[in-house]
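Worth saying up front: this structure is predicted, and the values here are computed from it rather than measured.
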Amino acid sequence: MNFLSHSSPLQNIQSPLFPGIDLWVKRDDLLQPQVSGNKFRKLKHTLLAADPRLTTLVSMGGAWSNHLHALAHAGHILGFRTIGLVRGIPGEAQALTATLEDCRQLGMELHFVSRADYRELRDQIDHWRLWVPPESNNYLWLPEGGSSVEAVRGMAELVDEVRHELGEHPSNMIVACGTGTSLAGIVAGMQDRGRVIGIAAVQNSQYLRAQIQELLVRAEHPAYDNFDILHEFTHGGFAKTSPQLLAFCDRFFADTHIPVEPIYTGKMFYALHQLCHAGKFSAGERVVAVHTGGLQGNRGFLQS
Ligand SMILES: Cc1ncc(COP(=O)(O)O)c(C=O)c1O
């Protein structure tokens, strides 16, 4: 499967926005044109190991979900049917966001589910079966954000690539956190060396640390401790922004020519900018920031 064998460039950034550090950006936004960033890595091993009888991939997400968007593309490219369970108003005709319109055009079957059902989908492993026929043995459920042990494995490979490109083990890595799966994979790849900083995109997500360590153990790694999750850079919550954040995203793009969105990657780079100014790194310290893609989500943001 050629489609699943991409790697992404590692780019050195010289910018006054990040004083005092030696900044490298792992450009997973360039990993694959459609299945963007961390979603590609998170889906890769699940799809490579898929039972040949598997016909349909089922998952959940919000109206601007990067994960559903990536899944719809992956299904389209690899010949799987896809079903998306979307947080919304069940049974009512509703305007599709640009993300869902893309999903629909790629053949994804969309079902809107209530907030209560959405919560159940998170908490109860079999709840998704309510939306598929009873004899659907050839269906595979992917939890929210594509979180799985296979996703940890896919994300860990990113660290191998970075090590190869730098010619040494990275000492600091930084990544945005939603479910924390990407960070878990990076921590797994670091193998207890160096440190990993996660920038929480969701408010009140103090549960992440335990969730990440549990996922590491499920993926047959030790419950590594060499990571910190910073919760003070959410700008009020998931998909919330501030004028400072938006101004930073513009300035970041003007300076580096690297596009970001304000939901994950913009928050992560802005946090890194603030950490540099707060003197949290020693002079010349090397930091690898992971650009997790998700640029399609910008469309939702610009319209709101
Ligand atoms: C662009 C982008 N970056 C980062 C994340 C966070 O990844 P994770 O859920 O693995 O923490 C997500 C999605 O969740 C995302 O879409």
Side-chain angles (χ1 to χ4, degrees), residues 4-15 17-32 37-42 44-45 147-200 208-209 211-230 256 258 264-265 268-269 271-276 278-293:
L4 292 168
S5 62
H6 292 228
S7 65
S8 70
L10 182 69
Q11 187 178 344
N12 188 225
I13 300 296
Q14 315 271 340
S15 163
L17 290 172
F18 306 99
I21 61 167
D22 177 26
L23 175 60
W24 294 75
V25 179
K26 183 65 173 159
R27 296 287 309 272
D28 268 13
D29 54 317
L30 302 177
L31 194 55
Q32 208 279 333
N38 62 344
K39 306 304 174 199
F40 178 94
R41 294 193 191 269
K42 289 205 267 184
K44 175 180 164 183
H45 287 289
S147 183
S148 65
V149 296
E150 291 81 9
V152 171
R153 189 169 153 213
M155 285 303 302
E157 290 169 358
L158 178 149
V159 183
D160 292 335
E161 284 175 31
V162 169
R163 190 181 300 122
H164 184 73
E165 287 156 312
L166 284 179
E168 63 177 40
H169 195 85
S171 43
N172 294 286
M173 299 205 51
I174 183 165
V175 67
C177 289
T179 63
T181 311
S182 301
L183 182 134
I186 292 169
V187 170
M190 293 287 269
Q191 294 174 351
D192 222 9
R193 295 165 67 188
R195 99 183 144 136
V196 186
I197 304 169
I199 304 300
L208 275 177
R209 187 170 191 89
Q211 196 167 291
I212 287 164
Q213 287 185 319
E214 193 211 345
L215 186 54
L216 281 166
V217 170
R218 277 205 286 133
E220 296 179 3
H221 292 281
Y224 291 126
D225 214 20
N226 56 328
F227 67 95
D228 297 298
I229 300 178
L230 306 184
T256 63
I258 299 176
Y264 293 104
T265 51
M268 184 271 291
F269 281 112
L272 181 59
H273 162 79
Q274 289 172 287
L275 292 172
C276 289
K280 297 289 181 193
F281 298 97
S282 31
E285 208 170 338
R286 181 171 281 174
V287 179
V288 178
V290 182
H291 191 317
T292 40

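Remark: side-chain polar atoms of Ser148 are paired, donor with acceptor, to backbone N or O of Ala151 under 3.5 angstrom.
Counting heavy atoms from C-beta on, the side chains of Leu23 and Leu272 come closer than 4.5 Å. For the pair Met190 and Val159, the minimum side-chain heavy-atom distance is below 4.5 Å. Counting only heavy atoms from C-beta outward, the side chains of Phe269 and Val25 approach each other to under 4.5 Å. Looking at Ile174 and Ile199, their side chains come closer than 4.5 Å, going by heavy atoms from C-beta outward. No side-chain heavy atom of Ile258 sits under 4.5 Å from any side-chain heavy atom of Thr265. Counting heavy atoms from C-beta on, the side chains of Ile229 and Ile212 come closer than 4.5 Å. Side-chain contact check for Val287 versus Met173: every heavy-atom pair is 4.5 Å or farther apart.
For Phe227, there are no ring-ring contact (aromatic ring centres under 6.0 Å, His included) partners, not counting sequence neighbours. Residues passing the side chain to side chain donor-acceptor pair (under 3.5 Å) test with Glu157 are Lys44, His45, sequence neighbours excluded. Not counting sequence neighbours, the partners of Lys26 by the side chain to side chain donor-acceptor pair (under 3.5 Å) test are Ser8, Glu161, Glu165. With sequence neighbours excluded, no residue forms a side chain to side chain donor-acceptor pair (under 3.5 Å) with Thr256. Remark: Asp160 engages Arg163 in a salt bridge (Lys or Arg N to Asp or Glu O under 4.0 Å) (not counting sequence neighbours). Scored by the side-chain contact (heavy atoms from CB on, under 4.5 Å) test, Pro222 finds Tyr224 as partners (sequence neighbours excluded). The side chain to side chain donor-acceptor pair (under 3.5 Å) check on Asp22 picks up Asn12, Trp24, Arg286, with sequence neighbours excluded.
Between Tyr264 and Gly178, the shortest heavy-atom contact is CE2-CA, 4.2 Å. Contact record, Leu31 with Ser7: CD1-C, 3.4 Å, taken as the closest heavy-atom pair. In terms of heavy atoms, Leu208 sits closest to Cys177 at CD1-CB, 4.1 Å. The shortest non-hydrogen separation linking Pro19 to Cys276 is O-CB, 3.7 Å.
Sorted by first then second residue, the salt bridge (charged side-chain N to carboxylate O under 4.0 Å, His left out) pairs that include residues 170-185, not counting sequence neighbours, number zero. Counting only residues at least two apart or in different chains, side chain to side chain donor-acceptor pair (under 3.5 Å) contacts with residues 212-222 comprise Gln213-Asp225. Residues in residues 183-199 take part in no salt bridge (charged side-chain N to carboxylate O under 4.0 Å, His left out) pair, two or more places apart or across chains.
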Derivation of the side-chain contact (heavy atoms from CB on, under 4.5 Å) call for Leu166 and Val288: CA-CA 10 Å; Leu166 284 179; Val288 178; 4.0 Å; yes

Mind running side-chain contact (heavy atoms from CB on, under 4.5 Å) on Arg153 and Arg41 for me, showing each step along the way? CA-CA 8 Å; Arg153 189 169 153 213; Arg41 294 193 191 269; over 6 Å; no

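Atom NE2 of His291 sits about 9.5 Å away from atom CG of Asp28, to the nearest 0.5 Å. In this structure, CD on Gln11 lies 8.0 Å from CG on Leu30, to the nearest 0.5 angstrom. To the nearest 0.5 angstrom, Ile13 atom CD1 is 7.0 Å from Arg27 atom CZ. The distance from atom OG1 of Thr292 to atom CG of Asp29, rounded to the nearest 0.5 Å, is 8.5 Å.
Summarising the local packing, NE2 of His169 is surrounded by more than 12 heavy atoms from other residues, nucleotides or ligands at distances under 6.0 Å.
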Identify every side-chain donor-acceptor pair in residues 181-188 under 3.5 Å, counting partners at least two apart or on other chains, and give the distances.
{"from": "Thr181", "atom 1": "OG1", "to": "Ser147", "atom 2": "OG", "distance (Å)": "2.8"}
{"from": "Thr181", "atom 1": "OG1", "to": "Thr179", "atom 2": "OG1", "distance (Å)": "2.7"}
{"from": "Ser182", "atom 1": "OG", "to": "Asn38", "atom 2": "ND2", "distance (Å)": "3.0"}

